[in-house]
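What's counted below: heavy atoms across the whole structure, side chains too, no hydrogens, waters or symmetry copies.
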Amino acid sequence: MATLRDRLDHVLGVKAADSLADAFDMQTVEDLLRHYPLRYATQGQPLSEEAPEEGAHLTLVGVVTKTELRPMKNRRGRLLKVELDAGSAKPVEITFFNGDKVSYLVKQGVRAMMSGTVHYWRPDRWNLSHPSYLILPEAGESVENLTAVRGSGDLRGLAQSAKGAEGVDVSFFEREYIPVYPATAKVQSWDVLACVRQVLDQLDPIDDPLPQELRADRELLAVSDALRLIHLPERKSDIEQARERLRFDEALALQLVLAERRHDAAGRVAKPCPPRTGGIATEFDKRLPFELTAGQKQVISEISEDLSSPHPMHRLLQGEVGSGKTIVALHAMLQVVDAGQQCALLAPTEVLAAQHYRSLRGMLGELGTAGELGAADNATKVVLMTGSMSTGAKKAALLDAVTGEAGIVIGTHALIQDNVEFLDLGMVIVDEQHRFGVEQRDALRAKAKDGISPHLLVMTATPIPRTIAMTTLGDLETSTLTELPRGRSPITTRVVPARMHPKWVDRAWERIREEVGQGRQAYVVCSRIGEEEDKPKAKGRKAKPEEEKEGPTTHAARDVYETLSAGALAGLRVGLLHGRLPSDEKDAVMRAFNEAEIDVLVCTTVVEVGVDVPNATVMVIVDADRFGVSQLHQLRGRVGRGKHPGLCLLITETSPMGTAMARLEAVAGTLDGFELSVLDLRQRREGDVLGSAQSGTARSLRLLSLLDDLEVITAAQHLAREIVESDPGLNRHPGLATMMRAAVDGERLEYLAKS
């Protein structure tokens, strides 16, 4: 007998276990049983009711009523045309291209199983072309065992997998639902099926981790039944019930992890930072030259209340590009500074860190220049810390942080280094949280005084659908800014199909000249830098000639910069910005663009987040099909930030009928970031949504849909929080603790649990 924890080599033998380990990283019986079928081959009874869809995969059992060999028109050999009576109103037409090789088996009167893809060759006529097949015993004959497998393709392989000492167990192919698994070239679906059947035959009863009353309340199957029926269902309802139980297990396992983190955080101690009348925050509010939106005021109030607590704040602040998150974050920082503590703001790139530094200094004015001539009496000091700063500048920033001179320290990953110390770190702000993992943000939080946890605010301009936030960031309270601040202008987006309308590309450059002529500025964004030829080539490999390179040509920032400077934008002040420039050069270019000394900035995605130049009104994105939906939405948010309308032009050479063009048209059709984020997620594997840096749970999401299963995720969240509240550590629920660790990869679970 076998248990879920048993190693596969002990149950299946070394050869089969090694194959499964190499192909799917399976080690235990549970790993194999949680490799669920992709779909099920069925007997095709519904054919009499309605025609199948083009491209549908059908498996049919019936009697061959007619066969005919015909010569092929354009090549040697003969086709075998077959009619199969599968119990539908009309016989199913089937075509074999190697007719002479199969005609001795597929002949009139034989009973067969056929599995293939539906193709329509007239609006009302369809067939299966060159399907896999298996010859079954004659109707009424015994189906116990056959001595040989007669057939081809997948079905022959499945039959081989059912072959025992006495022959082939064809009775298995009388089943209404035959599982079809994710497979590789070396481990086919039928290999997986053979292993699954062998394991299920030996499996001991499983202790169910879910209490009986909970299963009864949600009408869930026992886990033993669910794991058997997901692989070997007898009817459609078996599949649905098994999936429902296993989907709930996945949701609950993830929510238990997050509930434990949430409970642990609630038990930690933070220094309360209540608002102080007459402090720097009050003075900043008085000096604001504009009125905050109702949404900003609401979120500031929520954060202020959190900061006043003796327990650390854990809050996500999300909002559309340009919704005013920076002002909200700055207000929170000033409340912490008023309480005599320091703030650290972690940004993903040096460009964004430098932009934040300039932006916060600009908003604070003399309130942010402590130690300098003309500083306000209650001013604080804002310092920048990045990896590429000069040694002298870095030492000065380190000293300001450790002595407490700096109330606000802004930086990149450099802030996480061991040599960075704070006098009294009270709050950590992580900008564009999806760029950082739990480990990175926690390394910064660990720089607070012993026994104290700093408050945490994570921000993102990438809208996160509710189910995604609940599943990946369920330990955080969420605040959302939906309004755009007053004075923001609308952004118009247009797709420019370069292959069909090359003159439209010329018009794009003309639009830039027109905007610059009126005193405004523009971005031209490219998908790559163009310095690949500077990289060392691998030994023994020759570079491909340009005409031999695979895939469509893309335009590099360096090349576009040179072409535009000498051509369509000649006479304008064109700048170049990308990630490989030295830090001081990047900063100089960005500063020049901020101060309108550069008219057009040719750049890569270093400007994707945080860059704020209100005078920039046009963005041209070259090879726009190379960018994701959310990335395009982020990029275009760099324009329309002032009093003039924004224009974003998406240049692409992709086919007008392809999915890439449809994606671009969708971006052009709406400014709703949440709508676009759902579209983006549907086009990607949901495991990637989580990202290894965030939680590493891609491996556990086999049946749960983060977009569609809101009810399941919500129910699992409520249950997980109730259980953890009454039983922290799950000591009274060992089955749930085991399930949690089984569903979330052990190494990654430890990574998630760090707090």
Considering only distance and modelled atom types, tabulate donor-acceptor pairs under 3.5 Å from the side chains of residues 581-588, sequence neighbours left out.
| unit_1 | atom_1 | unit_2 | atom_2 | d |
| --- | --- | --- | --- | --- |
| Ser583 | OG | Glu350 | OE1 | 2.9 |
| Ser583 | OG | Ser388 | OG | 2.8 |
| Asp587 | OD1 | Arg358 | NH1 | 2.7 |
| Asp587 | OD2 | Arg591 | NH2 | 3.3 |

Please name all residues satisfying ring pair (Phe, Tyr, Trp, His ring centres under 6.0 Å) with Phe248, sequence neighbours left out, ordered by chain then number. none
Applying ring pair (Phe, Tyr, Trp, His ring centres under 6.0 Å), can you list everything that pairs with Tyr357, at least two apart in sequence or on another chain? none
Give a yes or no answer on whether the side chain of [X] reaches the backbone of [Y] with a donor-acceptor pair at less than 3.5 Å.
X      : Y      : answer
Asp338 : Ala281 : yes
Asp727 : Ile723 : no
Asp31  : Thr28  : yes

Answer yes if the side chains of His455 and Asp306 hold a donor-acceptor pair under 3.5 Å, and no otherwise. no
Any donor-acceptor N or O pair under 3.5 Å, side chains Ser479, Arg315: yes
Taking only residues two or more places apart in sequence or in another chain, which ones pass side chain to side chain donor-acceptor pair (under 3.5 Å) with [X]?
X      : result
Ser527 : none
Ser304 : Gln335
Glu595 : none
Glu722 : none

Salt bridge flag under 4.0 Å for residues [X] and [Y]:
X      : Y      : result
Glu477 : Arg262 : yes
Glu30  : Arg34  : yes
Arg287 : Glu366 : yes
Asp424 : Lys271 : yes

State which residues pass side-chain contact (heavy atoms from CB on, under 4.5 Å) with [X]; sequence neighbours excluded, sorted by chain then number.
X      : answer
Leu671 : Ile491, Arg636
Val420 : Met385, Leu398, Gln417, Phe422, Lys447
Lys395 : Thr391
Ala375 : Thr369, Ala379

Would one find more than 12 heavy atoms of other residues, nucleotides or ligands at under 6.0 Å from atom CG of Asp418? no
If a pair satisfies side-chain hydrogen bond (donor to acceptor under 3.5 Å, both in side chains) and one of its residues is in residues 399-411, list it, with sequence neighbours excluded. Lys381-Asp400
Going through the distances and angles, do Thr460 and Gln318 end up as a side chain to side chain donor-acceptor pair (under 3.5 Å)? CA-CA 5 Å; Thr460 180; Gln318 64 174 346; over 6 Å; no
